[in-house]
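Notes for the one structure printed next.
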Amino acid sequence: MLLISWNIDSLNAALTSDSARAQKTRHVLTQIAEKEPDILAIQETKLRATGPTKKHVEILAKMFPDYEYVWRSSEEPARKGYAGTMYLYKKTLEPVVTYPTIGAPDTMDFEGRIITLEFPKYFVTQVYTPNAGGELKRLGDRQGWDKKYIEYLQKLDEEKPVLASGDYNVAHEEIDLKHPESNHHSAGFTDEERADFTELLSAGFTDSFRKIHGNIPEVYSWWAQRIKTAKANNSGWRIDYWLTSNRIANKIKKSEMMDTGERADHCPIVLEIDL
């Protein structure tokens with residue numbers, strides 16, 4: 001199986017805007033379509049509560065003609081046009097789709113952050129993990145989310161093996177970002193968030209990238225688009241992951257980042273696994 005996961009930072013902009021950045025994003029989408037993944041997970045769709053528009057559907061159908069799609073958007077009482085997730089999967093696949101709530105703090109369960117696909121022998125699930133926010137104002141709620149999310153994945157794993165992907169909004173170790181020394185109090189690299197990710201892995205899951213590549217340095221999945229030199233200087237963070245249940249980690253064949261050229265922000269991450 002070939003699976004790809006990507007925080008796209010606004011599906012609407014990617015599909016309908018004529019900006020230079022949107023054109024770069026569409027180029028990446030085209031590259032993804034050419035790879036013909038079995039499953040494509042998309043985070044931060046930023047669609048309205050009613051989901052994709054007619055125009056979105058038409059464009060997706062043209063780009064991914066052999067795929068079904070499911071989506072989950074932010075809804076009241078959460079902010080509108082915020083967060084959100086989507087799966088595209090080949091029409092030959094017939095998963096049972098669920099949109100779980102995990103008992104998360106604040107409005108996090110209403111922000112469209114998790115979708116799960118159930119297949120006869122495994123689960124595929126994606127997450128857009130809440131950011132701890134400026135001045136770490138949401139760190140406490142983020143820790144609450146992490147606890148509930150770990151419990152959720154463990155429950156899935158008790159039933160059958162799990163493939164979990166998404167923007168986890170944490171660089172786990174110092175090797176996972178270019179400048180760890182100046183970011184210990186930054187959202188995404190606090191001791192608390194890193195400890196929670198360690199706990200997640202300890203609950204029975206494998207970081208597929210490190211499984212395949214070991215401690216290879218300077219490979220990242222996100223570069224700040226507000227800093228014009230970040231991508232050119234490879235000043236990035238690895239905050240997007242494909243995780244698998246430990247008992248199927250030996251079936252991983254490939255785990256890597258897709259090259260997005262000059263486009264900053266997140267890049268797609270690719271998993272190939274023999275299931």
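For clarity, every value in this text was computed on a predicted model and none was experimentally measured.
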Gap between atom [atom2] of [Y] and atom [atom1] of [X] - 0.5 Å precision:
{"X": "L40", "Y": "L29", "atom1": "CG", "atom2": "CG", "answer": "7.5 Å"}
{"X": "D196", "Y": "D146", "atom1": "CG", "atom2": "CG", "answer": "4.0 Å"}
{"X": "T107", "Y": "E111", "atom1": "OG1", "atom2": "CD", "answer": "4.0 Å"}
{"X": "D157", "Y": "N246", "atom1": "CG", "atom2": "CG", "answer": "8.0 Å"}

Does [atom1] belonging to [X] count more than 12 external heavy atoms closer than 6.0 Å?
{"X": "K90", "atom1": "NZ", "result": "yes"}
{"X": "L275", "atom1": "CG", "result": "yes"}
{"X": "H27", "atom1": "NE2", "result": "no"}
{"X": "E76", "atom1": "CD", "result": "no"}
{"X": "E94", "atom1": "CD", "result": "no"}
{"X": "K211", "atom1": "NZ", "result": "no"}
{"X": "K91", "atom1": "NZ", "result": "yes"}

Looking only at non-hydrogen atoms, find the nearest pair between [X] and [Y] and report the distance.
{"X": "A224", "Y": "A230", "result": "O-CB, 3.5 Å"}
{"X": "S221", "Y": "I239", "result": "OG-N, 3.1 Å"}
{"X": "A13", "Y": "R26", "result": "O-NH1, 4.1 Å"}
{"X": "D207", "Y": "L201", "result": "N-CD2, 4.0 Å"}
{"X": "I8", "Y": "R263", "result": "O-NH2, 3.3 Å"}
{"X": "T125", "Y": "I115", "result": "OG1-O, 3.3 Å"}

Are the charged groups of [X] and [Y] less than 4.0 angstrom apart, N to O?
{"X": "E44", "Y": "K46", "answer": "yes"}
{"X": "D265", "Y": "K231", "answer": "no"}
{"X": "E272", "Y": "K254", "answer": "yes"}
{"X": "E151", "Y": "K147", "answer": "yes"}

Check: [Y] main-chain N/O paired with [X] side-chain donor or acceptor under 3.5 Å:
{"X": "D109", "Y": "I102", "answer": "yes"}
{"X": "R72", "Y": "T85", "answer": "no"}
{"X": "D176", "Y": "E173", "answer": "yes"}
{"X": "S208", "Y": "W242", "answer": "yes"}
{"X": "N7", "Y": "D9", "answer": "yes"}
{"X": "S17", "Y": "S19", "answer": "yes"}
{"X": "S5", "Y": "S165", "answer": "no"}
{"X": "S73", "Y": "R48", "answer": "yes"}
{"X": "S245", "Y": "V162", "answer": "yes"}
{"X": "K160", "Y": "F119", "answer": "yes"}

Is there a side-chain contact between [X] and [Y], using heavy atoms and a 4.5 Å cut-off?
{"X": "T229", "Y": "S235", "result": "no"}
{"X": "T190", "Y": "R194", "result": "no"}
{"X": "L163", "Y": "I248", "result": "yes"}
{"X": "M1", "Y": "I39", "result": "yes"}
{"X": "W145", "Y": "T129", "result": "yes"}
{"X": "C267", "Y": "T260", "result": "yes"}
{"X": "K253", "Y": "I273", "result": "no"}
{"X": "R210", "Y": "I216", "result": "yes"}

Query - side chain to side chain donor-acceptor pair (under 3.5 Å) evaluation trace for N234 with W223 - result: CA-CA 7 Å; N234 195 29; W223 302 262; 3.0 Å; yes
Polar contact flag, side-chain donor to acceptor under 3.5 angstrom, [X]-[Y]:
{"X": "H172", "Y": "T198", "answer": "yes"}
{"X": "Y152", "Y": "T116", "answer": "yes"}
{"X": "T30", "Y": "E34", "answer": "no"}
{"X": "E199", "Y": "S202", "answer": "no"}
{"X": "Q43", "Y": "D167", "answer": "no"}
{"X": "T53", "Y": "H56", "answer": "yes"}
{"X": "D240", "Y": "W6", "answer": "no"}

Report task. Apply side-chain contact (heavy atoms from CB on, under 4.5 Å) to the pair T16 and K55, showing each step before the final yes or no. Result -> CA-CA 8 Å; T16 63; K55 186 173 184 180; 4.1 Å; yes
Query raised in the report: Would you call the rings of H266 and W222 parallel, tilted or perpendicular if under 30° counts as parallel and over 60° as perpendicular?
Result: tilted
Query raised in the report: Which of parallel (below 30°), tilted (30 to 60°) and perpendicular (above 60°) describes Y241 and Y168?
Result: perpendicular
Query - Residue pairs fulfilling ring pair (Phe, Tyr, Trp, His ring centres under 6.0 Å) with at least one residue in residues 65-103, sequence neighbours excluded - result: F64-Y67
Joint hydrophobic cluster, [X] plus [Y], side-chain heavy atoms closer than 4.5 Å:
{"X": "L156", "Y": "L243", "result": "yes"}
{"X": "V170", "Y": "L177", "result": "no"}
{"X": "V124", "Y": "V127", "result": "no"}
{"X": "I4", "Y": "M86", "result": "yes"}
{"X": "F189", "Y": "Y220", "result": "no"}

Query raised in the report: So K251 and T244, side-chain contact (heavy atoms from CB on, under 4.5 Å) or not? Walk me through it.
Result: CA-CA 10 Å; K251 298 180 181 294; T244 75; over 6 Å; no
**Report entry** D141/M108 under side-chain contact (heavy atoms from CB on, under 4.5 Å): CA gap, chis, key distance, verdict
**Finding:** CA-CA 9 Å; D141 286 344; M108 291 175 173; 3.5 Å; yes
Query - Identified salt bridge (charged side-chain N to carboxylate O under 4.0 Å, His left out) partner of D106 from the options R138, K148, R142 - result: R138
